[in-house]
Each structure stands twice: as C-alpha cells, then as structure tokens.
Amino acid sequence: MATSIKKLPKFTLGVEEEYMILDPKTRDLRSHMSKIVDGGKITLREQVKAEMHQSVVEVGTNICQNVQEARKEVAFLRNKISELATAQGLVVGASSTHPFAKWQDQEITDDPRYHNIVNELKDIARSNLIFGLHVHVGIESRDIALQLMNQACYFLPHIYALTTNSPFWEGRNTGFKAFRAKVFAKFPRTGLPEYFDSVQAYDNFLEILVKTNCIDNPKKIWWDLRMHPFFSTIEFRICDMCLTVDETICVVAIIQAVVAKLYKLLMSNTSFNIYRIALIRENKFRAARNGIEGLLIDFGKKTEVPTRELIMELLDFIDDVVDELGSREEVNYVHKILERGTGADQQLAVFEKTGSLEAVVDFITSKFTEGI
C-alpha cells in the first residue's frame, strides 16, 4: 500500500561558493595573502575560508530554511567579500575558470591540509585552479539520503548544463562550455558517484579506502553528488560557479525541488528509474561540451533530445512541489537563463564582440553583485 505524505520536510539548504580574487589593472588572479579571509572572519567567522590557491576565497551560508533565506545569505556574502576586496585594492568575480590565468603562477595557501594534498597529488593539485558551487540539501535519514542520491544522479547533467560557466582555460577558448570538470577529473574519486544498494555497502566502501590509506577521511570523496560525511545532507558538487546571485539561487531552488520530488515519490512507494552511471556520464560530457545549446539523451525514449526540452521536462517533473517549497519565483528564473544563455554563453559573446579576454574578466566582475 502506498504511503501518503501530507507535508514535505523543509529540506534545509546550505550554499558554498568559490570566488576569484583579481587585480583590477592586469585582470589576472591575485593572491590576497589571507587579508580578505582574515578580515572576513571578524564578521563572518566560519562562513569564509581560504582555499588551496591564495587567489580563491570560499564562502558558505548558514543553514537556510528556504531559498529566500539562501538568497539573502549569498547576497550578503558576495557584498561583504566585495567590500573586503575593494579595501585591499582588489576585485572579485564568479566564474569556474579564469579566462587566461596560469596555474603555475599561483601561490598555495600555507596550511597543513593543502600542503598534504599537494604532497600527495603533486601537479594535479597545483593545477586545480577552478571555482565551484556546492549545494547542500538537508536529509536526516542516511538510508533515505542514499536512495535520493542514487536517483538524483539522472538529473545532474540537466542541472550542470544550466550552470556552465568555464569556457576559457589559460588563454584559450576550450570549445567546452564547462571546462572546469575536465580539470577536476584529474583528481581521484571525482565525477559521478557509483550506485550503492545500501548504507552498509557505502560505509564498507569508505572503510576500505580509509583502512588502506587511500584517504584519511571521507571528505576526500569529491564526487559530483555525495552524502556529506559530517552533515545530514546530500551535497551537489557538479555545478559551475554562477555569474550572479539570481542564477545561483535558481539552481539551488531546482536542486531542492528535485530532492523534494524524489522524496515524495519514494514515500509513495513509487520508484524513479535508476540508469547506469556510464549512460549518465555520456550526458554529463554533452552538458560540459555544449551547455544548454546541445542535445542530451532521453534514456527512456533512447533518443537524442535538445537539452532545453529536457530542462522544460524537468520543470514539469518538479512542478507539484515548488509551491509547497515556496520557490516558484526562483525556479522560474530558469527561463531567463534559457533566454539569455548561461555564464559561458555570455562570456563567449563578450569575447566574440571584443576579442579581449581582459574584457571577459571585466564582464565577470561586473556581474558579481548584480541585482543585490
């Protein structure tokens, strides 16, 4: 007998963004020598931290009850980091790769954690000059979290296509709308997670890795989607950094709604099809290559379909939960993204018009606090 649910859980949210710190004259990345992080800790405390490269700053929201709270926090954090950078004569931008910076020129943050990663992974770690958006959705039960993680993998390429924002790498147009994932793929334990049929199987997998010194803690599982080892969340890590707060919150709202809809189906004893990760990987590659302008595979129909059509199908799929989540306005912003193009589309348009990667950097920085 199907189990009905009268009301969805809140599916609390946490949002992490990684920003690039830039020299306003050269437009190149600039090491901030921890001044921005140290200054931020006075008011932001643990919401701001240094990343491996000194030209990167990571921020994270507190636990948010809904997408409106998440928007307020992300907007506040962007404004605060922008103020701190301005005080140091620097500027901030949100893109998953810098258009022309060289990783060889970047300084590594003086922290034992990062020294250990570099010592283990060498140039793979040093060259990981990328910026990401991570979205946490709160789920108390690990059993349910694992089932939702298995099912949500199908939608990762759809979401990824909407966030594509890394077309350039070391001064070249890569031909990809999202090159960040190609850089990160050099790391071990990245990409799409494999299917696990139980929490015990998942925990056994982690135990083997720890016992055999592959990892010293489960946080070194860097999949596109993972059950967080310390928080009661599933963490979506596939997204490129979005240019604007509006884009970030739209993606956050869609992710929350996907989890809520899959939960609703699960509680009604309705199973969502689970497809082979090897097939979903094909869609991920297509999303990285062409963003929203390409074709994805509809595995049910066994045919290619315009990515935009599958995104509209995704909106239909989540439609019956967005009002209860209170996120219809934020979800509907996807139509603006489809109309205007993703960050990658906009970066490429600026470059086509100007022929200048410096102009692309100026465009990225101009969007950082847009609308807030």
Side-chain angles (χ1 to χ4, degrees), residues 5-19 40-49 57-84 92 94 131-141 144-145 148 152 155 159 162-163 225-228 230-264 315 318-337 367-372:
I5 54 171
K6 293 183 179 179
K7 190 174 181 181
L8 290 170
K10 279 193 173 180
F11 296 111
T12 55
L13 297 164
V15 184
E16 298 169 1
E17 293 193 312
E18 295 169 345
Y19 306 143
K41 283 191 180 298
I42 296 172
T43 53
L44 303 176
R45 297 180 175 85
E46 296 307 310
Q47 285 186 266
V48 60
K49 64 180 182 179
V57 169
E58 180 184 332
V59 300
T61 68
N62 293 304
I63 297 172
C64 300
Q65 300 302 309
N66 51 52
V67 292
Q68 290 78 27
E69 276 190 27
R71 180 186 174 83
K72 287 179 183 177
E73 292 230 5
V74 172
F76 172 75
L77 290 167
R78 285 201 180 205
N79 273 327
K80 179 55 70 174
I81 297 301
S82 184
E83 289 172 10
L84 292 165
V92 194
F131 309 79
L133 163 66
H134 301 163
V135 180
H136 294 257
V137 181
I139 300 167
E140 289 300 320
S141 165
I144 291 175
L148 297 182
F155 297 103
I159 295 165
L162 283 169
T163 70
L225 175 58
R226 69 178 181 181
M227 284 202 302
H228 196 277
F230 307 127
F231 307 142
S232 297
T233 68
I234 55 175
E235 181 186 8
F236 290 73
R237 301 169 50 85
I238 194 171
C239 300
D240 267 10
M241 262 303 306
C242 296
L243 285 172
T244 66
V245 172
D246 285 333
E247 291 168 351
T248 289
I249 297 306
C250 174
V251 171
V252 169
I254 290 172
I255 286 172
Q256 183 193 41
V258 166
V259 173
K261 178 57 181 280
L262 292 173
Y263 175 86
K264 185 176 181 180
L315 295 186
I318 62 177
D319 187 70
D320 63 330
V321 298
V322 294
D323 287 328
E324 187 170 341
L325 294 169
S327 59
R328 185 166 294 279
E329 180 181 349
E330 290 77 11
V331 167
N332 280 345
Y333 190 82
V334 74
H335 298 292
K336 287 276 183 71
I337 297 175
K367 292 289 184 178
F368 187 68
T369 55
E370 183 181 83
I372 57 174

To the nearest 0.5 Å, atom CD of Glu73 lies from atom NZ of Lys80 at 13.5 Å

By side-chain contact (heavy atoms from CB on, under 4.5 Å), Tyr333 pairs with (sequence neighbours left out) Asp246, Glu247, Cys250, Lys336, Ile337, Arg340

Tyr19 meets the ring-ring contact (aromatic ring centres under 6.0 Å, His included) criterion, sequence neighbours left out, with Phe368

By side chain to side chain donor-acceptor pair (under 3.5 Å), Thr248 pairs with (sequence neighbours left out) Glu17

message = I'd like to know whether Leu262 forms a side chain to side chain contact (heavy atoms under 4.5 Å, CB included) with Phe155, so could you lay out the CA-CA distance, the side-chain angles of the two residues, the decisive distance to 0.1 Å, and finally the verdict.
response = CA-CA 11 Å; Leu262 292 173; Phe155 297 103; 4.3 Å; yes

Separation between OG (Ser327) and CG (Asn66), nearest 0.5 Å, reads 9.0 Å

Hits for side-chain contact (heavy atoms from CB on, under 4.5 Å) against Ser232, two or more places apart or cross-chain, chain-then-number order -> Glu140

Hits for salt bridge (Lys or Arg N to Asp or Glu O under 4.0 Å) against Glu18, two or more places apart or cross-chain, chain-then-number order -> none

Q. Within a strict 4.5 Å, meaning less than it, do heavy atoms of the Leu225 and Ile238 side chains meet?
A. no

side-chain contact (heavy atoms from CB on, under 4.5 Å) filter on Thr12, not counting sequence neighbours, yields Lys10, Ile63, Gln65

With sequence neighbours left out, the residues meeting salt bridge (Lys or Arg N to Asp or Glu O under 4.0 Å) with Glu370 are Lys367

Hits for ring-ring contact (aromatic ring centres under 6.0 Å, His included) against Phe11, two or more places apart or cross-chain, chain-then-number order -> Tyr263

Residue set satisfying salt bridge (Lys or Arg N to Asp or Glu O under 4.0 Å) with Glu329, at least two apart, ordered chain then number -> none

The side chain to side chain donor-acceptor pair (under 3.5 Å) partners of Asp320 (sequence neighbours excluded) come to Lys261, Lys264

- Task: Decide side chain to side chain contact (heavy atoms under 4.5 Å, CB included) for Phe76 and Leu44; before the verdict, give the C-alpha distance in whole Å, the side-chain angles of both, and the deciding distance to 0.1 Å.
- Result: CA-CA 10 Å; Phe76 172 75; Leu44 303 176; 3.3 Å; yes

Rounded to the nearest 0.5 Å, the CZ atom of Arg226 sits from the CD1 atom of Ile234 at a distance of 12.5 Å

d(Asn62 CG, Lys72 NZ) to nearest 0.5 Å is 13.5 Å

Exactly one of Val59, Val251, Leu133 clears side-chain contact (heavy atoms from CB on, under 4.5 Å) with Val15, and that residue is Leu133

Measure the acute angle between the ring planes of His228 and Phe230, then classify it against the limits of 30° and 60° as parallel, tilted or perpendicular. perpendicular

(Q) If we ignore hydrogens and angles and just use 3.5 Å, is the side chain of Glu324 paired with the main-chain N or O of Leu8 as donor and acceptor? (A) yes

Glu330 meets the salt bridge (Lys or Arg N to Asp or Glu O under 4.0 Å) criterion, sequence neighbours left out, with none

Across all chains, not counting sequence neighbours, the side chain to side chain donor-acceptor pair (under 3.5 Å) partners of Glu58 are none

